[in-house]
Amino acid sequence: MKIRAISVQVVEPGLQTVIAERLILRLCNIVVRVSTEDGVEGVAGSTTYLGAHAVASAVAELAPLLVGEDPLYRERIWQRLMEVSTIVFPPHAIAVLDCALWDLAGKAADLPVYKLIGAQRDSVLAYASTLTYDSLGTFQREVELALERGFKAVKLHVWGDPERDIELCTAIRGQAGPKVALMVDAVGSYNLTDAIKVGRALEQLGFEWFEMPLRDQHIQSYRVLADALDIAVTSGEVHTYSFQEAANYVNRRAWDIVRIDAGISGGITATRKAAALAEAFGLRCEIHSFGYTLAQAANLQVMGAVNNCRYFEFPLPMGGYDAGMRDVIELEADGTVRVPDKPGLGVEVDWERMDAATVARF
C-alpha cells in the first residue's frame, strides 16, 4: 500500500471563542485527507485558534515527503517529519498528518485506533470546559447547565485577574458542592507571585489542578510554583511541538501533570509517547481535546488506550464543535463519553457540509 495523494482544506464554521478575556479566537478546522493507491483514505482534523492558512500551507509543503510511502510505516514517517520540525513551522501540520495516518491504519485493519493500539477502556469521564464569560452570573448559569446535563467535573477558563478569579472559584465551589471535580485554566495570565496566591486559594477550595498559570516557556517559575503548592500544576498545550519538551519539565519537577494534544503536538504517535513518559514518572497525562470533532476523536482514541489520563475535555457550548460531521462525541447519562468504535478515528465526515464551510484548499 502506497500513499497516492494528500489534500488539505481550511474549514471555517464561524465559531468564535473568548478565553481569559484577552483572547478572541476564531476557531478553524484544518481537515487533511491521505489517500492510497488501494483506495483506503485517512482523514483527520486539527483545530486552530489563529493561523489556519499557515497550518494548511505547511501541510501542503510536507505532503511530498509522504507521497509514495507505505502509510503503515507511521513511526518512520513521524521520525522524518520530526527531523523537519527543526525548521520553525506550525506544529499542527505534523500532528494532523500523523492522525490521518492512524485513521487510515485503523480503517485498513477494520479497527478503531484505540483497539489497534491496545485498548484500556471504552469510555472516559468527561469534564465540561467553559469559555471565559463576561460575569460571575454567566459562569454560574453555564456551570448549572453543565451539572444538569450530567457532568461530574468542570474546568473554568478564568479571567486572568487574581482577585476576581479567586472570587469566581469560591462562588463556583459553593455552587457545585464538594463532590464535583473543579479545575482552573488561566491561559498563562499570571506572574509567579499571583500564581502562588491563586494556587493557594484553589488548594483551600479543593480544586483538582491548576492549568497554565504561567506561560509554558517559564520552566524555572513553574518549578518554584510546583514546589510551593500542593495542588497539581500543569501546563498548557498550544506551544508544544511534541512530547520531548515535556521531558525537560518533568525532569525539573516543574509539572505534576503532563498535558498534550494529538491535533497540535506531534499527533497520536507523540501523544502515546507523552503518556508513556508521564507513566514512567508516576504522573498523569491529561490529554487536551478542546476543538472540533475530528480533533476530539483523535485524542479520545488515545485516552482509550492509556491508563494515566483521567478525563476527556468536553468543550462548551455542547454541539458547537460538530460542524461538518455525521458522528459526534456525546455525553452519556453517567457523565462519560464513549470512545468511538468505528474503524480509524471512529467518526464519519459529512463531506457536503464540510465542503460548504471550506474557505481554502491546498
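Fair warning: this is a prediction, and the values are worked out from it, not measured in the lab. Throughout, numbering of the chain's residues begins at 1 and tracks the sequence.
Shown here are the side chain to side chain donor-acceptor pair (under 3.5 Å) partners of Lys273, two or more places apart in sequence or in another chain: Glu75. Listed by chain and number, the residues in a side chain to side chain donor-acceptor pair (under 3.5 Å) with Glu12 are Arg26 (sequence neighbours excluded). For Asp103, the salt bridge (charged side-chain N to carboxylate O under 4.0 Å, His left out) partners two or more places apart in sequence, or in a different chain, are Lys107. With sequence neighbours excluded, the residues satisfying salt bridge (charged side-chain N to carboxylate O under 4.0 Å, His left out) with Arg310 are Glu208. Residues forming a side chain to side chain donor-acceptor pair (under 3.5 Å) with Ser7 (at least two apart in sequence, or on another chain): none. Residues satisfying the side chain to side chain donor-acceptor pair (under 3.5 Å) test with Gln204, not counting sequence neighbours, are none. Looking at residues two or more places apart in sequence or on another chain, you find no salt bridge (charged side-chain N to carboxylate O under 4.0 Å, His left out) involving Asp70. For Asp355, the salt bridge (charged side-chain N to carboxylate O under 4.0 Å, His left out) partners at least two apart in sequence or on another chain are Arg361.
In the hydrophobic clustering, Met183 connects to Leu125, Tyr127, Trp209, Ile257, Tyr311, either directly or through intervening members, whenever side-chain heavy atoms lie under 4.5 Å apart.
Hydrophobic clustering, with ILVMFWY side chains joined whenever heavy atoms are under 4.5 angstrom apart, groups Val84 together with Val55. When hydrophobic clusters are built by joining Ile, Leu, Val, Met, Phe, Trp and Tyr residues whose side-chain heavy atoms come closer than 4.5 Å, directly or via intermediates, Trp351 is grouped together with Val347. Leu50 and Met212 fall within a single hydrophobic cluster, where Ile, Leu, Val, Met, Phe, Trp and Tyr side chains are chained together by heavy-atom contacts under 4.5 Å. Ile329 and Leu145 are members of different hydrophobic clusters when ILVMFWY side chains are connected at heavy-atom separations under 4.5 Å. Hydrophobic clustering, with ILVMFWY side chains joined whenever heavy atoms are under 4.5 angstrom apart, groups Leu182 together with Leu136.
Ring to ring, Tyr321 and Phe290 are close: their centroids are under 6.0 angstrom apart. Aromatic ring centres of Phe139 and Trp159: separated by under 6.0 Å.
Salt bridge Asp227/Arg253: absent, no basic N to carboxylate O contact under 4.0 Å. Salt bridge absent: Glu37 and Lys2 never bring a charged side-chain N and a carboxylate O closer than 4.0 Å.
Taking the side chain as every heavy atom from C-beta outward, Phe312 and Arg338 never approach each other to under 4.5 Å. Looking at heavy atoms from C-beta onward, Val359 lies out of side-chain contact with Val11 at the 4.5 angstrom threshold.
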| said: Between Arg284 and Glu279, is the salt bridge (charged side-chain N to carboxylate O under 4.0 Å, His left out) condition met? List the steps. | reply: CA-CA 7 Å; Arg284 284 158 57 187; Glu279 184 181 10; over 6 Å; no
| request: Check step by step if side chain to side chain contact (heavy atoms under 4.5 Å, CB included) holds for Cys169 and Val158. | output: CA-CA 9 Å; Cys169 294; Val158 294; 4.2 Å; yes
| field | Thr358 and Gln9: CA distance, side-chain angles, deciding distance, side-chain hydrogen bond (donor to acceptor under 3.5 Å, both in side chains) verdict | value | CA-CA 6 Å; Thr358 294; Gln9 58 199 88; 2.8 Å; yes
| Thr234 and Val258: side chain to side chain contact (heavy atoms under 4.5 Å, CB included), yes or no, with the steps? | CA-CA 6 Å; Thr234 185; Val258 172; over 6 Å; no
| request: Apply side chain to side chain contact (heavy atoms under 4.5 Å, CB included) to Val180 and Leu147, showing your working. | output: CA-CA 9 Å; Val180 173; Leu147 298 178; 4.0 Å; yes
| task | Verify side-chain hydrogen bond (donor to acceptor under 3.5 Å, both in side chains) between Thr36 and Arg4, making sure each step is shown before the conclusion. | result | CA-CA 5 Å; Thr36 68; Arg4 180 180 61 81; over 6 Å; no
| Would Asp261 and Ser265 count as a side-chain hydrogen bond (donor to acceptor under 3.5 Å, both in side chains) if you check the C-alpha gap in whole Å, the side-chain angles of each, and the deciding distance to 0.1 Å? | CA-CA 6 Å; Asp261 184 318; Ser265 305; over 6 Å; no
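Judged by distance alone, the side chains of Glu41 and Ser35 never bring a donor and an acceptor atom under 3.5 Å apart.
Residue Glu211 is tested with His157, Lys155, His288 for a side-chain hydrogen bond (donor to acceptor under 3.5 Å, both in side chains); the sole match is Lys155. If you run side-chain contact (heavy atoms from CB on, under 4.5 Å) between Phe210 and each of Asp256, Leu202, Asp185, only Leu202 comes through.
Taking SG of Cys309 as the start and CD1 of Ile260 as the end, the distance is 11.5 Å to the nearest 0.5 Å. One distance of note links CD1 of Ile264 with OG1 of Thr47; it measures 7.5 Å at 0.5 Å rounding. For the atom pair SG (Cys99) and CD1 (Ile94), the distance works out to 12.0 Å, reported to the nearest 0.5 Å. Rounded to the nearest 0.5 Å, atoms OG (Ser235) and CG (Asp216) are 5.0 Å apart. Between Ser123 atom OG and Met303 atom CE the span is 12.5 Å, to the nearest 0.5 Å. Going from atom CG of Leu72 over to atom CG of Leu104 covers 7.0 Å, rounded to the nearest 0.5 Å.
Across every non-hydrogen atom of Lys152 and Gly335, the tightest pair is NZ-N, 4.1 Å. In terms of heavy-atom proximity, Ser129 sits nearest to Glu313 at OG-OE2, 2.7 Å. Residues Ile231 and Gly199 come closest through the heavy atom pair CG2-O, 4.0 Å. In this structure, Leu116 and Ala109 approach most closely via the heavy-atom pair CD1-CB, 4.0 Å. The two atoms that bring Thr48 and His92 nearest to each other are CG2-CD2, 3.9 Å, heavy atoms only.
Heavy atoms from other residues, nucleotides or ligands lying under 6.0 Å from CZ of Arg80 number 12 at most. With a 6.0 Å radius and a threshold of 12 heavy atoms from other residues, nucleotides or ligands, Glu352 has its CD atom at or below the threshold.
Judged by the 6.0 Å and 45° rule, Arg252 forms no cation-pi pair with Tyr222.
Residue pairs meeting the salt bridge (Lys or Arg N to Asp or Glu O under 4.0 Å) criterion with at least one member in residues 217-226: none, sequence neighbours excluded. Within the structure, salt bridge (Lys or Arg N to Asp or Glu O under 4.0 Å) contacts touching residues 137-150 (residues at least two apart or in different chains) do not occur. Among residues at least two apart or in separate chains, salt bridge (Lys or Arg N to Asp or Glu O under 4.0 Å) pairs with a member in residues 190-207 are Glu163-Lys197.
Between the side chain of Thr138 and the backbone N or O of Tyr133 there is no donor-acceptor pair closer than 3.5 Å.
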